[in-house]
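See below for the structure under consideration.
Residue numbers count from 1 along this sequence. As the structure is a prediction and not an experimental result, all values here were calculated from the model.
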Amino acid sequence: MYIGKGNELSRRAFMRRSGQLAGAGVASSYALGLAGIGEAAAFSSAGGYKALVCVFLYGGNDHGNTLIPYDTANYDRYAAIRGGQGQQGGGIAIPRANLAPTVLNPSGNQTLTDDIQYALAPTMPRLKARFDQGAMAPLLNVGPLIVPLTRAQYDSRNNASFPRPAKLFSHNDQQSTWQSSQPEGSVTGWGGRMGDLAQSSNTNSMFTLMNATGNAVFMTGETAAPYKVSNNGATLFRGLDRGRVYRSQSASAALDSLLRASNGNVLEADYSMINARSIEYGGFISDALENTTVSTDFGQGNRLADQLSVVARLIAARNRLGVTRQVFMVGMGGFDNHDGLIGRHDGLLDQVDFALDAFYQATLDLGISEQVATFTASDFGRTLASNGDGSDHGWGSHHFIVGGGVNGGRFYGTAPQVSVDSDDQVGRGRLLPTASVDEYSSTLAQWFGVSSSELPSIAPNIGRFASPDLGFMQTT
């Protein structure tokens, strides 16, 4: 964050990266190719503009009713576990006949675990079409991991030899762990740490990180701080945006002075700097957006689509804003469905489906679809087992990556068995992740321009996994 001590922050970031890279050099199972700290700081902005857009689904999305077994054998297992009666569904199982329009047929005759065939939720036909076009890829069973874990290692409770993320199944802890690859209390997230590396590529570095949702550690770096926007664009101080407080220009000037006032206290200085930044650049953002047009229809009444609409407008204004690399974050709540899953969850996924599709269409309309990658994340997955009317907190989950630069039309990661007692889950169908968030973030980071030598600064556990690239992004 900005605390008015740029040199100190730069030194701290340098030292932190040095430590991360040194640790990775010992533990890594692949060649990072470290060539000194000069190489370790490398970031490539070649290839023109690129943006990453994180779509965070708050509450823990029920992956079991998002990506659903469709083949007869696996559907029957799914329905039985979720309280259904055969292929008619019931309980919290969706009837099999409802899934036929959204069955996903991967390219190249891809075969998954137990010959499972997946369908998207019936309210996600648009993402089904994007999968068929090769612009969407599901990543299966991804979640926070410190090291690869087997069920036996998890059951051993030997956390010293087989460490696992702290406070599993807790909303706030796992939101922080997903967004930072570190325990709750981390002051930086992996989106923000990418911003640290990318901001020097931008003429106006303050627009590297753009947050269209609530505060989140994902968007905070060591030196880069997120610029907050609303659905309408810049967040302006009421009174200052019209130049009058109590109909007095003097009162407006006094408020402006108070908001920007410097102070010896570090936190107060930081607060005043953020205020000054918002005041100074709010008009710049507004002017840039006023001279930018996005023709895509984002509809009305869809809160996620509203956020992605302003992201599309900001991307359209990228040349005016003076940026070549940006990280965005949007978010949507309501996914903690311990009850009322059927009906409520369908409606949420309908909103996600419409919003992601409209945003991808906007990137097509703007001619930059290959330069923007949108990806989903959530607190955790949920239990496959029903609790009667919903599902409970889990661990691994399935997520989606959308964009013209995605190797879409195929699945990535390992499909879990449809079970509550197999070795790839830890009870009640809670998935034991087989792909880590570190691998997820590293794959996105490399596409974004982060050098392989800098990956440990983004994903601190990446050296413990077999590869930093899961393959779902196209290489350039």
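- In summary, of the residues considered (Asn105, Asn74, Thr111), a side chain to side chain donor-acceptor pair (under 3.5 Å) with Gln117 occurs for Asn105 alone.
- Phe131 has its ring centre less than 6.0 Å from the ring centre of Phe411.
- The two residues Ala224 and Leu209 have their closest heavy-atom pair at CB-CD1, 3.7 Å.
- The residues Lys128 and Asp353 are annotated as not salt-bridged, no charged nitrogen and carboxylate oxygen being separated by less than 4.0 angstrom.
- Using a distance-only test at 3.5 Å, with no hydrogens or angles considered, a donor-acceptor pair links the side chain of Arg303 to the main chain of Gly333.
- Across all their heavy atoms, Pro144 and Pro433 have their closest contact at O-CG, 4.3 Å.
- The main-chain N or O of Gly59 is found under 3.5 Å from a side-chain atom of Asp379 such that the two form a donor-acceptor pair.
- Arg325 places a side-chain N or O within 3.5 Å of a backbone atom of Gly48 that can act as its donor or acceptor partner.
- Side-chain contact check for Met136 versus Leu120: some heavy-atom pair is nearer than 4.5 Å.
- Under the side chain to side chain donor-acceptor pair (under 3.5 Å) rule, Ser391 has a single partner from Arg428, His63, Arg430, Arg382, which is Arg382.
- The ring pair (Phe, Tyr, Trp, His ring centres under 6.0 Å) test with Phe375 is passed by exactly one of Trp447, Trp190, Phe448: Trp190.
- Although no hydrogens or angles enter the test, the distance criterion places no donor-acceptor pair under 3.5 Å between the side chain of Ser205 and the main chain of Asn202.
- Residues Val450 and Met194 are in side-chain contact: their nearest non-hydrogen atoms beyond the backbone lie under 4.5 Å apart.
- Contacts of Tyr412 classified as ring-ring contact (aromatic ring centres under 6.0 Å, His included), with partners at least two apart in sequence or in another chain: none.
- Going from atom CG of Asp346 over to atom OG1 of Thr66 covers 9.5 Å, rounded to the nearest 0.5 Å.
- Counted within 6.0 Å of CD on Gln88, heavy atoms from surrounding residues, nucleotides or ligands total 12 or fewer; the atom is thus considered open.
- Between Met473 and Gln446, the closest side-chain pair of non-hydrogen atoms is not below 4.5 Å.
- Other residues, nucleotides and ligands contribute at most 12 non-hydrogen atoms within 6.0 Å of the CD atom of Gln85.
- No side-chain heavy atom of Leu145 sits less than 4.5 Å from a side-chain heavy atom of Asn461.
- Contact between Gly334 and Leu348 at its shortest, heavy atoms only, is O-CD1, 3.1 Å.
- No hydrogens or angles considered: nothing links the side chains of Asp469 and Ser467 as a donor-acceptor pair under 3.5 Å.
- Residues Thr208 and Ala198 approach most closely at CG2-CB, 4.3 Å, considering heavy atoms.
- Residues Arg164 and Leu149 meet the side-chain proximity criterion, which asks for heavy atoms closer than 4.5 Å.
- For the atom pair CZ (Arg313) and OG1 (Thr296), the distance works out to 12.5 Å, reported to the nearest 0.5 Å.
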The test is side-chain contact (heavy atoms from CB on, under 4.5 Å); show your working for Tyr70 and Thr102 and say whether it passes.
CA-CA 10 Å; Tyr70 181 74; Thr102 52; over 6 Å; no
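- With 3.5 Å as the limit, one finds a donor-acceptor pair spanning the side chains of Ser422 and Asp424.
- For Asn337 (side chain) and Gly390 (main-chain N/O), no donor-acceptor pair under 3.5 Å exists by modelled atom type.
- Across every non-hydrogen atom of Ser181 and Asp438, the tightest pair is OG-OD1, 3.5 Å.
- A side-chain N or O of Gln361 and one of Asp365 form a donor-acceptor pair less than 3.5 Å apart.
- Note that OG1 of Thr292 and CG of Asp287 are 10.5 Å apart. Values are rounded to the nearest 0.5 Å.
- Asn204 places no side-chain N or O within 3.5 Å of a backbone atom of Phe207 that could act as its donor or acceptor partner.
- Listed for the Thr113 side chain is no donor-acceptor partner under 3.5 Å among the backbone atoms of Pro416.
- The distance from atom CG of Leu289 to atom CG of Asn232, rounded to the nearest 0.5 Å, is 10.0 Å.
- Residue pairs meeting the ring pair (Phe, Tyr, Trp, His ring centres under 6.0 Å) criterion with at least one partner in residues 305-347, sequence neighbours excluded, are His338-His393.
- In this structure, Asn98 and Pro101 approach most closely via the heavy-atom pair O-CD, 3.5 Å.
- Summarising the geometry, atom CG belonging to Leu366 is positioned 6.5 Å from atom CZ belonging to Arg318; distances are rounded to the nearest 0.5 Å.
- For the pair Val55 and Met332, the minimum side-chain heavy-atom distance is 4.5 Å or more.
- Note: Tyr78 and Tyr75 have tilted aromatic rings, judged against thresholds of 30 and 60 degrees for the angle between ring planes.
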Before giving the answer on side-chain contact (heavy atoms from CB on, under 4.5 Å), spell out for Thr363 and Gln371 the whole-Å C-alpha distance, their side-chain angles and the decisive distance to 0.1 Å.
CA-CA 8 Å; Thr363 66; Gln371 298 159 264; over 6 Å; no
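- Residue His171 is tested with Tyr58, Trp178, Phe380 for a ring pair (Phe, Tyr, Trp, His ring centres under 6.0 Å); the sole match is Phe380.
- The main-chain N or O of Leu321 is never found under 3.5 Å from a side-chain atom of Asn319 such that the two would form a donor-acceptor pair.
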Please determine whether side chain to side chain donor-acceptor pair (under 3.5 Å) holds for the pair Ser457 and Arg193, giving the CA-CA distance in whole Å, both sets of side-chain angles, and the decisive distance to 0.1 Å.
CA-CA 7 Å; Ser457 72; Arg193 297 193 293 268; over 6 Å; no
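- Partners of Phe359 by ring-ring contact (aromatic ring centres under 6.0 Å, His included), not counting sequence neighbours: none found.
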Candidate pair Val217 and Gln182, rule side-chain contact (heavy atoms from CB on, under 4.5 Å), full reasoning:
CA-CA 11 Å; Val217 69; Gln182 296 170 344; over 6 Å; no
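- Here the side chains of Leu308 and Phe298 are in contact, with some heavy-atom distance below 4.5 Å.
- Asn302 places a side-chain N or O within donor-acceptor distance of the main-chain N or O of Leu304, the cut-off being under 3.5 Å.
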Test side-chain contact (heavy atoms from CB on, under 4.5 Å) on Gln326 and Tyr49; report intermediate values, then the result.
CA-CA 8 Å; Gln326 288 185 288; Tyr49 179 84; 2.7 Å; yes
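- Between Lys50 and Ser201, every side-chain heavy-atom pair lies at or beyond the 4.5 Å cut-off.
- A side-chain donor-acceptor contact under 3.5 Å links Thr443 to the backbone of Glu439.
- Atom CG of Asn141 sits about 10.0 Å away from atom NE2 of His399, to the nearest 0.5 Å.
- Atom CG of Asn215 has 12 or fewer heavy atoms from other residues, nucleotides or ligands within 6.0 Å.
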